[in-house]
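The structure under discussion appears below in the form of structure tokens.
Just the heavy atoms: all of them, side chains too, but no hydrogens, waters or symmetry mates, feed the values below. Residue numbers start from 1 in every chain, and the chains themselves are labelled A, B, ... in the order their sequence lines are given, proteins ahead of strands. Being a predicted model, the structure only gives us computed values, none of them experimental.
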Amino acid sequence: MGLFGRDKDKKITTDQSAGNITLSNGDTLAINQVIDCLGDSCPRPQLMTKKAMAQAASGDVIEVKIDNSTSMEAIPPMMGELNGTHLETIKKDRYWQVIVRKN
Amino acid sequence: MELFKKTLDPVIALSIIALLDIFMFLVVGAWTVGGGETMMTGLIAKFFMGDQLQHIPFWDIVFKPDATYWKIYISLGMLFGSIVGAFLSKEFYWRIPRHLSEWVMITVGGLLMGIGIRLAFVCNVSTFFGLTPEMNLGGYLSISGIIAGAWVGSLIYKKVLGG
Amino acid sequence: MSPIGQCLAAFVFGSVAGLLVQRSRFCNTAALRDAMLFKTYRNTKALLVCMMILTIGFTAFITVGEGHTMHFDVGVNQMLGLFLFGIGMVLAGACTVSTWVKAGEGNVGAIWALLFTFIGMFLFSLIWSYSYWPPAPGSMDHLPHLEALQFGYANAATLQAKTGIPAIFFGLFQFLVLFGIYRAILRKEARMAEANT
């Protein structure tokens with residue numbers, strides 16, 4: 001359980017086989033990148049998303065895994081500034097999946 | 001219930017809290033947290049140190065440990081309310097920070113918060129929801145201090161994360 | 001009011017506040033930090049609305065001499081203390097309210113922050129003394145003590161007593177200032193939304 005930051009360098013896990021996600025309107029999208037922010041406190045998930053959005057190519061779909069409620073709510077309003085669109089927030093068993101797309 | 005399924009608009013939530021806070025202002029006093037936390041520190045310290053505590057002037061003169069101090073129960077009430085809210089909306093689960101930098105920053109941040117509250121004699125809640133609405137001049141000084149502090153803190157945070 | 005009644009009222013108020021804050025994910029830290037770091041104003045707007053309501057409510061009751069005002073002297077220590085607090089709350093990612101609320105959600109980081117807040121308070125109490133600078137009751141008697149950087153006691157009630165103008169008048173002025181900031185934020189958000197479409 002990397003409590004002491006052994007996994008410090010792989011903060012952003014880029015996983016090409018991240019799979020697909022089905023939104024509530026029936027669309028299925030391929031996810032290009034998964035950012036794992038489980039256990040992180042505010043504002044680290046926001047900063048990670050900002051970083052990933054800056055590197056992402058246009059049209060990329062990014063999934064942010066968050067279990068911190070305040071950060072989960074803070075992602076959608078940030079999208080205007082980062083030139084992206086918030087597609088959906090899906091509540092999972094132990095975390096939220098925030099799906100965003102770079103414009 | 002709808003309340004436990006989706007996020008409540010913070011403006012509505014804070015308006016309800018504001019009305020309740022005005023009621024509290026009439027009955028006992030405005031919303032505050034720092035005082036209650038100090039008293040809890042005193043009670044915990046007394047539990048461990050016993051009568052030794054009386055040799056520290058602060059706990060003998062300013063905050064004599066007293067379990068019937070009403071501000072303690074605001075803090076406990078908030079803990080209780082949020083546990084109820086988290087369980088009813090099925091959001092209660094342990095979240096453990098995984099990065100060392102996170103633990104270090106939380107530790108330093110917690111210590112700074114504690115020292116700051118004691119130095120200022122107010123916390124951020126009494127600044128925003130007590131002193132400033134009462135137009136206490138100290139409230140304006142506190143707000144300028146907390147804004148400067150949050151700005152410096154954001155710079156440090158950005159530097160640490162390199163982002 | 002008896003101490004038990006006070007504690008009960010405080011507990012009920014705290015429970016409702018905790019529940020509402022948990023459900024709305026309001027965070028006082030985020031209200032300040034997100035506005036600076038990410039230019040988002042979700043929490044800032046809520047904070048401003050709450051302060052507007054409280055300003056009118058408190059000053060209205062102060063005008064008729066009701067309510068329990070906080071008896072804190074004005075001093076430089078408040079600015080310094082809240083400066084340290086501001087750094088701390090951004091680093092810890094939670095302020096006093098959200099540490100309690102997040103502790104209730106099961107956030108171990110928040111419980112850890114709370115623990116160290118207690119430790120910080122205890123450490124500071126060790127270096128505290130009755131007479132010298134770190135603000136002491138000796139210099140906090142509602143009178144100015146410049147050598148201790150204390151400027152006495154000043155709030156809406158003292159303003160009313162000194163000038164003879166009802167406190168609600170000053171409250172309205174502060175309300176307008178806060179409302180002006182709120183309007184500016186709304187306008188900025190509208191501009192940003194326009195730029196994106």
Side-chain angles (χ1 to χ4, degrees), chain B residues 8 10-11 13-14 17-18 22 24-29 33 41 58 68 70 73-74 77-83 85-86 92-97 105-107 109-116 118-120 123-125 130 133-138 141-142 145-146 148-150 152-154, chain C residues 3 6-7 10-11 13-15 17-20 22-24 26 32-33 36-37 46 49-50 53-55 57-58 67-70 74 78-79 81-88 90-92 95-96 100-101 104-109 112-113 116-118 120-122 124-125 128 154-156:
Chain B
L8 189 67
V11 177
L14 267 276
I17 292 178
I22 292 173
M24 277 293 281
F25 175 69
L26 287 174
V27 180
V28 272
V33 180
T41 313
F58 183 84
T68 57
W70 59 276
Y73 295 94
I74 293 187
M78 286 196 301
L79 185 68
F80 173 72
S82 91
I83 289 178
F92 184 91
Y93 31 81
W94 298 108
R95 304 147 157 105
I96 302 168
M105 276 197 287
I106 292 175
T107 309
L111 282 175
L112 279 176
M113 282 205 284
I115 293 169
R118 280 312 352 125
L119 178 60
C123 66
N124 68 325
V125 178
E134 281 166 17
M135 303 195 67
N136 192 315
L137 266 181
L141 281 177
S142 306
I146 202 168
V152 173
S154 307
Chain C
Q6 290 184 341
C7 293
F11 188 77
F13 170 77
S15 308
L19 181 69
L20 288 171
Q22 200 274 331
R23 289 315 301 149
S24 67
F26 173 76
L32 298 172
R33 181 201 59 212
M36 294 177 205
L37 214 51
V49 169
C50 186
I53 298 174
L54 285 178
T55 304
F58 283 4
H68 300 258
T69 49
M70 293 187 174
V74 183
Q78 290 179 333
M79 201 163 150
L82 267 288
F83 177 72
L84 290 178
F85 186 92
I87 299 175
V90 174
L91 291 186
C95 63
T96 43
W100 285 107
V101 171
E105 280 184 352
N107 193 321
V108 177
W112 191 255
F116 275 86
T117 310
F118 288 158
M121 281 178 173
F122 187 73
F124 193 79
S125 76
W128 183 91
N155 69 1

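- Residues forming a side-chain hydrogen bond (donor to acceptor under 3.5 Å, both in side chains) with B:Thr41 (at least two apart in sequence, or on another chain): none.
- C:Trp100 and B:Ser82 share no donor-acceptor pair across their side chains, judged by distance under 3.5 Å alone.
- Looking only at heavy-atom pairs under 4.5 Å with chain B, the residue among C:Gly86, C:Ala17, C:Ser24, C:Pro3 that has the most is C:Ser24.
- Looking at C:Leu37, the atoms closer than 4.5 Å to chain B (heavy atoms on both sides) all sit in the side chain, from C-beta outward.
- For the residue pair B:Ile22 and C:Ile53, the shortest heavy atom distance occurs at CD1-O, 3.9 Å.
- Here the closest non-hydrogen pair linking C:Glu105 and B:Arg95 is O-NH1, 2.7 Å.
- At a 4.5 Å heavy-atom cutoff, the contact between B:Met24 and chain C is made by side-chain atoms alone.
- Heavy atoms closer than 4.5 Å to chain B are found in both the backbone and the side chain of C:Val101.
- For the set B:Ala150, B:Gly29, B:Ala13, the count of heavy-atom pairs under 4.5 angstrom toward chain C peaks at B:Ala150.
- For C:Met70, the parts lying near chain B are the backbone and the side chain together; criterion is any non-hydrogen pair under 4.5 Å.
- Contact count versus chain B (heavy atoms, under 4.5 Å) is highest, among C:Met36, C:Met79, C:Arg23, for C:Arg23.
- With rounding to the nearest 0.5 Å, the separation of CE in B:Met113 from CZ in C:Phe118 is 10.5 Å.
- When B:Leu111, B:Val152, B:Ile115 are each tested for a side chain to side chain contact (heavy atoms under 4.5 Å, CB included) with C:Leu84, only one passes: B:Ile115.
- Contacts of B:Phe92 with chain C are made by both backbone and side-chain atoms, with heavy-atom separations under 4.5 Å.
- Considering all non-hydrogen atoms of both residues, B:Ala86 and C:Gln22 come closest at N-OE1, 3.6 Å.
- Using a 4.5 Å cut-off between heavy atoms, C:Gln78 contacts chain B through both its backbone and its side chain.
- C:Val74 and B:Leu137 get closest at one heavy-atom pair: CG2-CB, 3.6 Å.
- Contact detail for C:Gly109 and B:Ile106: the closest heavy-atom pair is O-CG2, 3.4 Å.
- Using a 4.5 Å cut-off between heavy atoms, C:Phe13 contacts chain B through its side chain alone, with no backbone atom that close.
- Separation of atoms CG (B:Leu14) and SG (C:Cys50) is listed at 4.5 Å; rounding is to 0.5 Å.
- Interface summary for chain B: among C:Asn107, C:Leu32, C:Thr96, the most heavy-atom pairs under 4.5 angstrom belong to C:Thr96.
- In this structure, C:Leu91 and B:Gly153 approach most closely via the heavy-atom pair CD2-O, 4.4 Å.
- The candidate from C:Gly18, C:Gly106, C:Gly120, C:Ala46 with the greatest count of non-hydrogen atom pairs under 4.5 Å with chain B is C:Gly106.
- A distance of 12.5 Å separates CE in B:Met78 from CG in C:Leu19, rounded to the nearest 0.5 Å.
- Here B:Pro10 is the residue among B:Pro10, B:Gly116, B:Gly85 with the most heavy-atom pairs under 4.5 Å with chain C.
- A distance of 5.0 Å separates CG of C:Leu82 from CD1 of B:Ile146, quoted to the nearest 0.5 Å.
- At a 4.5 Å heavy-atom cutoff, the contact between B:Val27 and chain C is made by backbone and side-chain atoms alike.
- The side chain to side chain contact (heavy atoms under 4.5 Å, CB included) check on B:Tyr73 picks up B:Leu76, C:Cys7, C:Ala10, C:Phe11, with sequence neighbours excluded.
- Looking at B:Asn124 and C:Phe85, their side chains come closer than 4.5 Å, going by heavy atoms from C-beta outward.
- Residues C:Thr69 and B:Phe25 meet the side-chain proximity criterion, which asks for heavy atoms closer than 4.5 Å.
- Between chain B and the options C:Phe116, C:Phe58, C:Trp112, C:Phe83, the largest number of non-hydrogen pairs under 4.5 Å is found for C:Phe58.
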